[in-house]
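Before any comments, here is the structure.
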Amino acid sequence: MSLERVNPAELSPPTGFSHAVTATGGRLVFLAGQTALDGSGKVVGETLPEQFERALANLLAALAAAGGAPADLARVTVYAVDVPAYREHAPELGRIWRRLAGRDYPAMAVIGAVRLWDEQALVELDGIAVVA
């Protein structure tokens, strides 16, 4: 199984994402949206970075349970209730991503949402991975 990150020179240089990811071999893993829920179902973290870290950790835990690793992520969608705040915290969120998931960035999008299923949640992540 292999993933190839594709970033054409004629597009704006990607920062914290890849423009395209191709996959060969392996099996698809569809990851449900994850917020900053703890094991008891309570949203933890007061700030966007705190919640992002927990949501990403939850996403990666689901991926690991399916036999995958962060480098297997082909696509991640981030849903944020406050996109300007997400942009403001982008450098810190990038550091959190690199610490938990490394530098193999999937294709990504950030989508603004009025609210999420978990009302106290500030951010939710879902994804698609290709695992061997």
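Annotation: side-chain contact (heavy atoms from CB on, under 4.5 Å) contacts of Gln120 (sequence neighbours excluded): Val43. With sequence neighbours excluded, the residues satisfying side-chain contact (heavy atoms from CB on, under 4.5 Å) with Ala109 are Arg75, Ile111. Residues satisfying the salt bridge (Lys or Arg N to Asp or Glu O under 4.0 Å) criterion with Arg103, sequence neighbours excluded, are absent altogether. Residues forming a ring-ring contact (aromatic ring centres under 6.0 Å, His included) with Tyr86 (at least two apart in sequence, or on another chain): none. Legend: residues meeting side-chain contact (heavy atoms from CB on, under 4.5 Å) with Asp104, ordered by chain and number and at least two apart, are Arg5, Ala71.
Rounded to the nearest 0.5 angstrom, Lys42 NZ and Asp118 CG are separated by 12.5 Å. If you take CG on Asn58 and CG on Leu31, they are separated by 11.5 Å, rounding to the nearest 0.5 Å. Distance check: Leu125 CG to Leu59 CG gives 6.0 Å after rounding to the nearest 0.5 Å. Separation of atoms CG (Asp72) and CG (Leu28) is listed at 11.5 Å; rounding is to 0.5 Å. Note that the CD atom of Gln51 and the CD1 atom of Ile96 stand 11.5 Å from one another [nearest 0.5 Å]. In this structure, OG1 on Thr35 lies 12.0 Å from CG on Asp126, to the nearest 0.5 angstrom.
At a threshold of 4.5 Å between side-chain heavy atoms, the hydrophobic network of Ile, Leu, Val, Met, Phe, Trp and Tyr places Leu122 and Met108 in one connected group. In the hydrophobic clustering of ILVMFWY residues, with side-chain heavy atoms under 4.5 Å counting as a link, Ile128 and Val131 come out apart. At a threshold of 4.5 Å between side-chain heavy atoms, the hydrophobic network of Ile, Leu, Val, Met, Phe, Trp and Tyr places Leu116 and Leu37 in two separate groups. At a threshold of 4.5 Å between side-chain heavy atoms, the hydrophobic network of Ile, Leu, Val, Met, Phe, Trp and Tyr places Leu100 and Tyr105 in one connected group. Linking ILVMFWY residues whenever their side-chain heavy atoms come closer than 4.5 Å, directly or via other members, leaves Val21 and Val78 in distinct clusters.
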Legend entry - Step-by-step side chain to side chain contact (heavy atoms under 4.5 Å, CB included) determination, Arg54 to Gln34: CA-CA 9 Å; Arg54 183 59 183 247; Gln34 299 293 325; over 6 Å; no
Inset, instruction - Take Arg115 and Glu119 through the test salt bridge (Lys or Arg N to Asp or Glu O under 4.0 Å) and record every step on the way to the result. - result: CA-CA 7 Å; Arg115 69 174 286 278; Glu119 292 186 39; 3.4 Å; yes
Legend entry - Stepwise side chain to side chain contact (heavy atoms under 4.5 Å, CB included) test for Leu48 and Val123: CA-CA 7 Å; Leu48 176 60; Val123 65; 3.8 Å; yes
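Under a 3.5 Å cut-off, the side chain of Glu53 and the backbone N or O of Pro49 do not form any donor-acceptor pair. No donor-acceptor pair under 3.5 Å is formed between the side chain of Glu4 and the backbone N or O of Thr22.
Val81 approaches Ala121 most closely through the heavy-atom pair CG1-O, 3.9 Å. The nearest pair of heavy atoms linking Ala101 to Leu60 is CB-CD1, 4.3 Å. When all heavy atoms of Asn7 and Pro14 are compared, the pair lying nearest together is OD1-CG, 3.3 Å.
Within a 6.0 Å radius of CD in Glu92, other residues, nucleotides and ligands contribute more than 12 heavy atoms. Surrounding CZ of Arg98 are more than 12 heavy atoms belonging to other residues, nucleotides or ligands, all under 6.0 Å away.
Among residue pairs with one or both ends in residues 11-30, those qualifying as ring pair (Phe, Tyr, Trp, His ring centres under 6.0 Å) are Phe17-His19; sequence neighbours excluded.
Residues Val130 and Leu3 form a side-chain contact, since some pair of their non-hydrogen atoms from C-beta on lies under 4.5 Å apart.
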